[in-house]
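Working notes, structure below.
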Amino acid sequence: MNEKTKIYTQNELYENEIDTDAYELNTEAGEFVGMLKLKAWTSKPRTNGHGKAIRAFFELDDERKVIALIQPFRTNQIATISAAEIGELIRLRFETSSSGLVFLAELEVLSMPEEIK
């Protein structure tokens with residue numbers, strides 16, 4: 001397995017003592033650029049049979065640490081984040097749903113910073 005594209009399970013986070021407490025769900029609509037720091041599967045699959053979501057942890061340009069939830073029914077987003085490498089810069093666009101919740105509408109890998117290549 002490529003460590004740069006690894007998606008951790010909840011057990012692996014615990015076993016490796018990976019602390020994600022500094023990260024919060026993004027609650028702000030808009031477009032942001034952030035560095036991908038970590039990826040982890042959610043603990044439980046959705047009840048509708050689409051499978052598990054992926055939690056992607058980012059440090060944004062404004063230094064906020066946010067979690068973006070990539071839903072399993074958004075197959076393009078799942079494919080993009082699955083292939084993305086830790087350290088890559090990603091453009092994230094969040095929108096507000098009709099119920100008032102903020103969700104990840106779009107993500108695009110921009111580049112790999114030179115110092116990480």
- Looking at CD of E31 and CD of E108, how far apart are the two atoms once the value is rounded to the nearest 0.5 Å? 8.5 Å
- Item | Worked check of side-chain contact (heavy atoms from CB on, under 4.5 Å) between Q10 and R55 | CA-CA 11 Å; Q10 192 63 44; R55 293 172 290 154; 2.7 Å; yes
- At what distance, to the nearest 0.5 angstrom, does CG of L69 lie from CG of L101? 11.5 Å
- Honestly curious: do F103 and I54 fall in one hydrophobic cluster under the side-chain, below-4.5 Å linking rule? no
- Can you tell me how far CD1 of I78 sits from CZ of F73, rounded to the nearest 0.5 angstrom? 9.5 Å
- Verdict with reasoning, I7 to S82, per side-chain contact (heavy atoms from CB on, under 4.5 Å): CA-CA 7 Å; I7 303 172; S82 294; 3.8 Å; yes
Could you pull out every donor-acceptor pair under 3.5 Å between side chains of residues 21-30 and any protein atom, sequence neighbours left out?
residue	atom	partner	partner atom	Å
N26	OD1	E28	N	3.4
N26	OD1	R64	NH1	3.3
N26	ND2	E28	O	2.8

- For E106, the salt bridge (charged side-chain N to carboxylate O under 4.0 Å, His left out) test, sequence neighbours excluded, returns R91, R93
- Got a donor-acceptor contact below 3.5 angstrom from the T42 side chain to the A53 backbone? yes
- Chi angles and distances behind the side-chain contact (heavy atoms from CB on, under 4.5 Å) call for V33, L110: CA-CA 9 Å; V33 172; L110 298 176; 3.9 Å; yes
- Task: Rounded to the nearest 0.5 Å, what's the gap from CD1 on I67 to NZ on K65? Could you check?
- Result: 11.5 Å
- Just wondering, do F32 and F94 contact through their side chains at under 4.5 Å, heavy atoms? yes
- Gap between atom CG of L13 and atom CH2 of W41 - 0.5 Å precision: 13.0 Å
- What's the spacing between F57 CZ and T20 OG1 if we round to 0.5 Å? 4.5 Å
- Query: Cluster question for you: counting only ILVMFWY and a side-chain heavy-atom cut-off of under 4.5 Å, with indirect links fine, are I90 and Y8 together?
  - Reply: no
- Query: Is it true that a side-chain atom of K39 and a backbone atom of I81 form a donor plus acceptor pair closer than 3.5 Å?
  - Reply: yes
- Could you go step by step and tell me if K4 and E88 meet the salt bridge (charged side-chain N to carboxylate O under 4.0 Å, His left out) rule? CA-CA 10 Å; K4 292 183 178 184; E88 285 188 303; over 6 Å; no
- Query: Same cluster or not: are L38 and V109 linked, directly or through other Ile, Leu, Val, Met, Phe, Trp or Tyr residues, by side-chain heavy atoms under 4.5 angstrom apart?
  - Reply: no
- Pair L104-L107, side-chain contact (heavy atoms from CB on, under 4.5 Å): steps then yes or no: CA-CA 8 Å; L104 182 63; L107 72 153; 4.0 Å; yes
